[in-house]
Amino acid sequence: MTEMGWGSDAIAAMLRELDFKYAALVPGASYRGLHDSIVNYLGNENPQMLLCLHEEHAVAIAHGYAKVTEKPMLAIVHSNVGLMHATMAFFDAWCDRVPVVVLGATGPVDATKRRPWIDWIHTTADQGALVRDYTKWDDQPGSPAAALESLLRATQIASTPPHGPVYVNLDVTIQEEKLEKPIPIPDKARFRVPFAAIPAAADVTSILGSFRRAKHPMILLGRMSRRIEDWNARIALAEALNARVITDFKIGSTFPSDHPLFVGPPGARLSAEATKVLRESDVILSLDNVDLGGMLSAAWGKERVDATIISASLDRYLHRGWGKEYQTLSPVDIDLVVAPDVLVHSLLEALGKPKAATPHKNGAPARPAANGSAEHEIGIRAFSQGLGEAFAGEEVCYIRLPLGVNGADFTFRHPLDFLGGDGGGGVGAGPGMAVGAALALRETDRLPVAVLGDGDYLMGLTALWTAVANEIPLLVIVANNRSFFNDEVHQERMAVVRNRPVERKWIGQRIDGPAPDMALLARGQGAIGIGPIARRDEMVSAIAQAIKEVKAGKVCVVDVRVSPEYDASVAGGVVAHADRGGMGPDRG
Ligand SMILES: Cc1ncc(C[n+]2csc(CCOP(=O)(O)OP(=O)(O)O)c2C)c(N)n1
Ligand SMILES: [Mg+2]
């Protein structure tokens with residue numbers, strides 16, 4: 001390693017000490033000092049740069065990585081404009097409660113040091129304000145030594161549950177400052193994430209007392225860890241309490257969907273069966289459910305909920321004034337400010353139960369008849385069942401699934417079987433998050449599969465170039481209904497409410513005439529593009545070919561033309577929720 005000679009060398013050394021393996025970035029003059037230090041002082045290793053074609057992708061990649069690892073990855077964005085591009089991805093990471101460390105830069109705060117024009121463009125009075133309302137913390141350190149402390153603190157804050165994105169803005173002056181002598185790098189071991197709080201024994205006893213008296217106990221799983229030990233403990237607890245379990249599609253797989261205690265199907269909204277079981281329950285344990293109050297009102301409407309409600313969540317530490325992603329305020333009878341998986345272990349311990357769950361037989365998932373109007377047309381149900389067929393026998397991680405599918409067509413048996421959503425509903429996040437998740441999955445035996453809507457794919461597809469350029473194997477399947485179809489469902493609702501022609505719902509929504517060539521767009525970035533596949537009988541073999549490519553290390557996109565429709569379990573919500581003003585599907 002060359003000698004530490006510049007402010008940004010010290011910053012780069014700190015990044016290495018903090019164990020950042022990758023830095024997803026788009027370059028910019030505002031951090032040319034840091035860029036040079038990563039390349040020439042660190043040798044572009046730990047962290048290694050992953051060049052991105054859009055700042056939104058850089059942060060989305062870090063987000064996707066954290067979905068798998070629960071650890072922050074680094075993203076670096078250029079001053080002002082780069083950060084502006086990145087804002088939606090910050091918002092998604094914030095709503096999804098994932099750790100991400102983003103570095104940015106500013107022109108010299110000291111105006112006498114600014115080069116004409118460009119440095120003035122690069123400088124704002126309070127750059128962090130752009131993202132402050134949806135980050136856990138931000139800072140603009142005033143010296144190289146202060147930057148080291150700032151990075152330590154940023155990483156510690158992002159990694160401390162509840163997780164979230166953080167932003168550190170590095171003044172170009174401190175990056176480019178010539179150091180008199182090397183700055184000692186603090187030892188990260190003394191700046192670790194604090195120990196998790198454990199629930200008081202009295203609270204554990206009182207929760208178990210409630211469950212002992214319960215006739216119909218229920219567990220609502222929300223933001224849980226992806227550790228297999230925690231997954232097993234969850235199963236053991238549900239079995240010990242004989243509690244039925246509901247999961248959340250937004251979070252991904254948190255409980256085996258073929259377990260006898262699971263109430264499914266997994267989906268973006270509460271199924272009729274889950275609503276029924278929830279209404280019958282007399283004790284409900286919410287383990288950091290994203291929208292406990294919303295779930296209760298979906299089941300009980302305006303009626304009083306008589307069940308005893310127990311909650312374990314740290315989320316209130318993030319509740320602030322700007323965003324309302326914290327959802328409606330729910331009644332809670334026993335309210336614990338502890339991490340949900342911590343409570344699971346405490347309860348099991350108090351029950352004196354082994355943490356391994358009883359092995360259960362996998363129930364055969366329901367396979368209703370495929371739909372689709374024309375003989376060979378791929379209806380949404382035929383599509384999801386086609387995925388089941390194509391991936392049978394493979395250890396798949398569904399990084400993403402499109403909103404319109406019926407969760408009954410998927411069986412989740414491991415925390416990495418499905419990673420859930422993007423948190424903030426940002427269309428265009430899918431490709432970037434897929435690349436980040438695939439990067440983390442490269443360390444596992446999982447086949448990384450992202451099933452994306454065509455709208456999502458088109459908005460973010462140049463993120464795939466980063467995967468190709470860095471040999472990150474990834475399989476993308478585009479559920480191509482040639483539409484921002486979610487909003488056709490909304491237009492249908494408007495037409496029904498306003499007595500207007502439903503046939504016009506597609507106007508301003510269809511992505512057709514011309515239909516973008518998804519496979520060609522993939523090839524344009526060096527990926528393999530297959531399709532369009534428009535017949536059911538071709539779908540499975542096309543995916544089989546793609547699996548081979550991805551196993552050989554390639555990025556492969558399969559364009560599957562699906563009918564513009566949502567499964568009734570999703571679109572049906574338009575009618576089911578008419579009493580809430582007929583909001584349509586759960587995405588806006
Ligand atoms: C950045 C952004 N713009 C617009 C929307 C509104 N919106 C929600 S879902 C959706 C359609 C997404 O289309 P696609 O990915 O093809 O999925 P489909 O609904 O067709 O299954 C749109 C435009 C959004 N959520 N985010
Ligand atoms: Mg679409």
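In each ligand, atom 1 is the first atom listed, and ligand 1 is the first ligand listed. Since we're looking at a predicted model, the values are computed, not measured.
A salt bridge links Glu488 and Arg510; the closest N-O separation between the charged side-chain nitrogens and carboxylate oxygens is under 4.0 Å. Using a 4.0 Å cut-off between charged nitrogen and carboxylate oxygen, Arg223 and Asp248 do not count as a salt-bridge pair. The existence of a salt bridge linking Asp258 and Arg413 is confirmed by a sub-4.0 Å separation between a basic side-chain nitrogen and an acidic carboxylate oxygen. We find that Arg535 and Asp537 are joined by a salt bridge, their nearest charged nitrogen and carboxylate oxygen being less than 4.0 Å apart. Salt-bridge check for Arg132 with Asp126: passed, with a basic side-chain N closer than 4.0 Å to an acidic carboxylate O. Using a cutoff of 4.0 Å between basic side-chain nitrogens and carboxylate oxygens, Arg97 and Glu325 are scored as salt-bridged.
Contact annotation: Asn481 places an N, O or S atom under 2.8 Å from the Mg ion (ligand 2). Among the backbone and side-chain atoms of Asp456, no N/O/S atom is found under 2.8 Å from the Mg ion (ligand 2). Note on Ser483: counted as a metal contact of the Mg ion (ligand 2), an N/O/S atom lying under 2.8 Å.
For CD1 of Ile507, the number of neighbouring non-hydrogen atoms (other residues, nucleotides, ligands) closer than 6.0 Å is greater than 12.
Geometrically, ligand 1 and Met459 share no nitrogen or oxygen pair separated by less than 3.5 Å.
The nearest non-hydrogen atom to atom 10 (C) of ligand 1, considering only Leu458, Leu403, Asp487, Ile380, comes from Asp487. In this structure, of Tyr457, Phe484, Tyr566, the residue bringing a heavy atom nearest to atom 13 (O) of ligand 1 is Phe484. With Asp92, Val427, Val405 as candidates, the residue nearest to atom 24 (C) of ligand 1 on a non-hydrogen basis is Val427.
With rounding to the nearest 0.5 angstrom, the CD1 atom of Ile251 is 7.5 Å from the CG atom of Asp288.
For Ser483, the closest heavy-atom approach to ligand 1 falls below 4.0 Å. For the ligand labelled ligand 1, residue Gly428 lies outside the 4.0 Å heavy-atom shell.
If you number the atoms of ligand 1 from 1 as listed, the ones under 4.0 Å from a heavy atom of Met88 come out as 1 (C). Counting the atoms of ligand 1 from 1 in the order shown, those under 4.0 Å from a heavy atom of Asn481 are 18 (P), 20 (O), 21 (O).
Minimum-distance N/O/S atom of Asp454 relative to the Mg ion (ligand 2): OD1.
Aromatic rings of Phe418 and Phe410 (six-membered ring for Trp) have centroids beyond the 6.0 Å cut-off, not under it.
Contacts between Ala479 and ligand 1, counted as non-hydrogen atom pairs separated by less than 4.0 Å, are absent for every part of the residue.
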